[in-house]
Amino acid sequence: MAVKEKVFQYPETIKADFIQTGGLRFSDGSEVSAEEIWQFLTVEAPRRFPHAFDASANSIGRLSDDVHFFAGLKRAYLTLTMKDRLFKAHDNGVPIVMIQGGQTLDPYYAAGGIPLRPGYVMQWARDVQEGLNLRQLDAAGLEILEKGRRKISIEACNQVAAHAAVANNIVPVDLIAPYLCLRCSDMSFLVETHRYKEDQRPKYLVDFPINQTGKHYTSDYVAEQLRGLVKEIAKLSKKEVTDETLRREIQRQNKARRLAQEIIELWWSAEQPPLNSTDFFSIPFLANDFVGDPEATIQVLTETKKEVAYRVEHGIKGTGVADKAKRVFVCGSCVGPNATSVERAGAVLVGRDDNFSCNSVLVKEDGDPYRNLAEAILSFPYELPTEQRADWTAEMVKKSRADGVLFMYNWGCNYQTSVGRMISDIVKEKTGKPSTFVEVGELGRTEATEQSENRVEAFIEMI
Amino acid sequence: MTNTEKKIGDVVAGVDVGSLAAKSVIIADGEIIGHGLIPSGFNSEETGKSVLQHALNSAGVPREALKYIVATGYGRISADYANKTVTEISCHARGANFLYPSVRTIIDIGGQDCKAIRLDSNGNVVDFAMNDKCAAGTGRFLEVMSNVFKVKLEDLGDLALSADSIVPMSSTCTVFVESETISLIARGEKPANIQAGIHHAIANRISGLFSRVGIESDVFFSGGVAKNKGMRQAIAEVLKVNIVEPTFDPQLTGALGAAAIAWKNAVREGLCQAA
């Protein structure tokens, strides 16, 4: 029996309305019109990235079916053109910096770099070769992962794949500069990847003194490291970075953080979920990763807020969300449930502790920008000691009116494995909502995900 | 109305295509009237249709008489013939509730996974835990052992019950236990004692799942491995619980639960009349 294939496409009937919405401006001063975006999404992208248009398989990264959410189309455009923009920026001397999740991106952009989390590095690496269908994309990702595993260990977290992509020069990354925050105990694997003599690219590791929070010297310590980080990036970008430069960047990124908070609050306030799980889950990523371009991404967030407000006011529901959908809050890093299969099972994803954390703290805009950043970083709720993190998560579960809590972590993630049960128990105790946790071994995979989907579906049936 | 007319009028089915075996149960008017059990083939959809036909044949009713079908198990993703799909976790709970309404805890050991399930008085799941990506504590694990001992899978239980002592196993990994077993045989240890040790190792593995969801009597043991008397005894000893005696093939529990859900849905949608 052949696997059934369904190809997603944007319907021509929405074109006229979409091209009225205006185009996007980018950080390098270039612009693209809505008509050009439409042309890309309907002609060029299906040819270059057919995997993204596969609507039949268990693709976690598939495009949203909500074609009338036009800001969502622009987000898809940003995602699918990320590769082109990164190569162009790199060719123009903009340093690409590999970072870790749970960070503020302000110092990286202020210093003239483009920071990328491992997930985006992997997306970039897998998209280097074009024309791949979903299975071929999976195979390409697995090939890179095995390069990393051969150097480190089969027990290494799958994120080692992103570092293998860098170490093997599949994508040109100029600096490895993550915060060593507690979310990822497998950081040692990642650092190990770059210790080999053949990888000469510079590294700058930002220490994260989680056990020293609340002490007067901790913010000074982190602030000093951030000064060093900015200098390291500026050496590569050859950009002069003053305190005022960083202050302006903080103002810009606070705007994104505020927009994300407002959109999330709007979504939570609605009787009917105004965006489906795929679109809603993209919001915190947009506001904290910017798909490599804050300027264009803030425009998409602004348009998202406008469209969500309209939908909330008129009781419009996101495409794919079931009537009386069960509400699932997701905990954990790096992996999450397949949004499409969650909705098929009659539920909707209402929040995620990891990515909501980064947007939940606004950075002070006056005074020493490095110290302000340090204070913000040290108060990200997801990076706090486990009980405090669980308390914050319980509040999010209440605010989002979730019916259940799903904790997911990747096989090999020692840290999330160890705190998952404790967080689930505390959240269950404080909210009275059922919780479960699921270990998966498929980070970055798009096929053979039935094992984890089965557990998620059973949990949804239970709630 | 004759019995035959009643059956043809109000018949539903549950189909459970698992990793190793496919099962189907036919219910008429809320009562079991037929069932089928075949090995899972390579084509989930064909296997599902085939086991359904086996069950229909045993019930003596035509395919056209079916008012509702619920599919479960890993093969449910290829079940276009079904009205609805439900995970096997919910189906085992409903199946156990159908047979024993007093049951509040289920141990399910299938071909490639094991589960601890807690349920309420209506057969709804209230909590569950599954093994992660490891074959220890599954039917496949026992298949490997039956190969080592050169005995039929269904004879492993009697073999373990003839043990005069239990050999403690130091591993839970299927491959390591296999090599450990070969070393024990070479040392002259009795196969019965080794097998009893393996059953206890699996039971210990299962008890870890219950540390997450809790345990409350009565306990029902479902899935193909529940036919293994040695395994039943080991679980009862390790968990210190009473396991209810099966009155219906425990391997069919998931399919039975699927049929029970099919019956409930068919009645709710007006396709069948409540008994």
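Protein chains get the first letters and strands the later ones, always in sequence-line order, with residue 1 at the start of each.
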CD/A/Glu143: more than 12 non-hydrogen atoms of other groups inside 6.0 Å: no

At a heavy-atom separation under 4.5 Å, does B/Val213 approach chain A through its side chain, its backbone, both, or neither? neither

Is it true that, when you exclude A/Lys398 itself, more than 12 heavy atoms of the residues, nucleotides or ligands shown sit nearer than 6.0 Å to its NZ? yes

If you take all heavy atoms of A/Asn454 and B/Arg76, which pair is closest and at what distance? OD1-NH2, 2.8 Å

Residue B/Lys264 excluded, over 12 heavy atoms near NZ under 6.0 Å: no

Would the number of heavy atoms belonging to other residues, nucleotides or ligands and lying under 6.0 Å from CD of B/Gln53 be above 12? yes

Around atom CD of A/Gln9, are there more than 12 heavy atoms of other residues, nucleotides or ligands at under 6.0 Å? no

Closest non-hydrogen atom pair, A/Met462 against B/Val125: CG-O, 2.9 Å

Which heavy-atom pair separates B/Ile89 from A/Ala458 by the least distance, and what is that distance? CD1-CB, 3.3 Å

Can a cation-pi geometry be assigned to B/Arg212 and A/Phe437, taking NZ or CZ under 6.0 Å from the six-membered ring centre and within 45° of the ring axis? yes

May I ask you to test the A/Lys428-B/Asp127 pair for a side-chain heavy-atom distance under 4.5 Å? yes

Examine the side chains of A/Glu461 and B/Ser90 and answer whether a donor and an acceptor come within less than 3.5 Å of each other. yes

Is the count of non-hydrogen atoms from other residues, nucleotides or ligands lying under 6.0 Å from A/Glu387 atom CD greater than 12? no

